[in-house]
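Working notes, structure below.
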2 protein chains.
Amino acid sequence: MLVRDGEVRMQSVVEQTGVSVGSLYHRFGSREGLLARAWLDTLAAFHARFLAALDQPGEVPGLAEALETPRFCRDEPDKALILVCCRRSELMSDDTPEALQAELAAVNDGVMAAIEAFCRRTGLPLEIARLGLIGFPLGAVKLYMPGAPVPEALDEEIERAYRAVVLPRLVSS
Amino acid sequence: MLVRDGEVRMQSVVEQTGVSVGSLYHRFGSREGLLARAWLDTLAAFHARFLAALDQPGEVPGLAEALETPRFCRDEPDKALILVCCRRSELMSDDTPEALQAELAAVNDGVMAAIEAFCRRTGLPLEIARLGLIGFPLGAVKLYMPGAPVPEALDEEIERAYRAVVLPRLVSS
DNA sequence: CTTATTCTAGAAATAATGTTCTAATATGGG
DNA sequence: CCCATATTAGAACATTATTTCTAGAATAAG
């Protein structure tokens, strides 16, 4: 576990990974670089799954994506820990290396574009989509992480919430 | 704003409050003491409202409490910032002064007891109650904070989610 | 095998942050 | 008004964290 108590010290990274300080600086350039890389890799892993789910329309549009969050937490607990239990602002800030900031912008743009396309396709207001796809699922899994596994049964509850908020707004409903 | 980027430096507290280092240490004893006090005061302010709501049974039991979170964010944005955007572990840890740890335990016990009583009264499973009362409302407001106000319209969505998850489990439903 | 290159190690230097301390200032009771 | 107590101020100090640096080990190409 790289992240604990919200503070990442280079020293603790050294201890918990067995990698020396010199190697860390050789590879990441700085603490900022290391944190940004951790955040970006995590985000990329999640977004890959999220976007894949967006392309498979099921009975209820978007439901698969909403359920991708708890599944990600179960499938990749280490990455999910960073995604769910860290704020972006903790890992990336104004003095994050320029190149990495650009990388983040690119990833974010990709996801926003996908969500906006989803909204156009379904007629959902953006705020409702964000709530159902991100807000509720994230709030649900945070009740368990870190410390406990995200139970399978949670998915059913997330689905209920998603349907309740999204279905009344679907044009085709 | 006392909290920025998840790190609270004594120096930044001095700058943003105009209070000198000496005074801070006179009053709070240590950085740990200051952080814990901020967390506890915030928690107390929220819990006072939350528990008050728990005692007024409405048409849908618990709904008023669920909506207390977005309302708190609008009514007391500074405190809400700490409650919503900080992890407890950032502000309280093992080396928090003993007395303050005890205070936290007392507050937590009070809330847990109230929620458990609520569950006994309504027949709701604890996990469902936590999801509807805490998980979903918190996930919803976090989409906006920090940076934007929590819109009034969000309450309706939280209510939909609450009903969807809670009503099917209510014995009297 | 040899050399060039990349990577690793960890001590030492640098920088940032938390805490203490003493003097000065306010505050309130007699 | 005077003293006692509580509070404030901020420079000095101590601690903790990040970064640099040099020497050595691994790796790969010729």
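All chains are named by letter (A, B, ...) in the order of the sequence lines, taking the proteins before the strands, and each is independently numbered beginning at 1.
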Among dT8(C), dA9(D), dG18(C), the one nearest Arg9(B) by side-chain distance = dG18(C)
Crowded around Asp109(A) CG? As in, over 12 foreign heavy atoms under 6.0 Å?
-> yes
Using heavy atoms to find the nearest nucleotide of DNA chain D for Leu24(B) and Val21(A) separately, return the residue whose nucleotide is more 5′.
-> Leu24(B)
Length of the CD-P vector between Gln11(B) and dT16(D), whole Å = 19 Å
Considering only heavy side-chain atoms of Tyr25(B), the closest of dC7(C), dA9(D), dT20(C) is dT20(C)
Answer yes or no: is there a donor N or O on one side and an acceptor on the other, between the side chain of Arg160(A) and the main chain of Ala161(B), under 3.5 Å?
-> no
Is the backbone of Leu67(B) close enough, under 3.5 Å, to the side chain of Glu159(B) for a donor and an acceptor to pair up by distance?
-> no
If an axis is fit to five pairs at each end of the helix from dC1(C)-dG30(D) to dG30(C)-dC1(D), what is the angle between the two, to the nearest 10°?
-> 20°
When you measure from the side chain of His26(A), which nucleotide among dG18(C), dA17(D), dT6(C) comes out closest?
-> dT6(C)
Picking from dT8(D), dG18(C), dG10(C), which would you name as closest to the side chain of Ser20(A)?
-> dG10(C)
Whole-Å gap separating C1' (dA17(D)) and CG (Leu35(A)) | 13 Å
Length of the line joining Phe28(B):CZ and dT8(D):C1', which is rounded to integer Å | 14 Å
Any idea how Phe136(B) and Phe136(A) line up, ring-wise: parallel (<30°), tilted (30 to 60°), or perpendicular (>60°)?
-> tilted
Taking only Lys NZ, Arg NE, NH1 and NH2, and the carboxylate oxygens of Asp or Glu, determine whether Arg169(A) and Glu157(B) approach each other closer than 4.0 Å.
-> yes
Passing candidate, side-chain contact (heavy atoms from CB on, under 4.5 Å) with Leu138(B), options Leu133(B), Ile158(B), Leu83(B), Val84(B) = Val84(B)
Looking at dT19(C), dT8(C), dT20(D), which one has an atom nearest to any side-chain atom of Ser30(B)?
-> dT19(C)
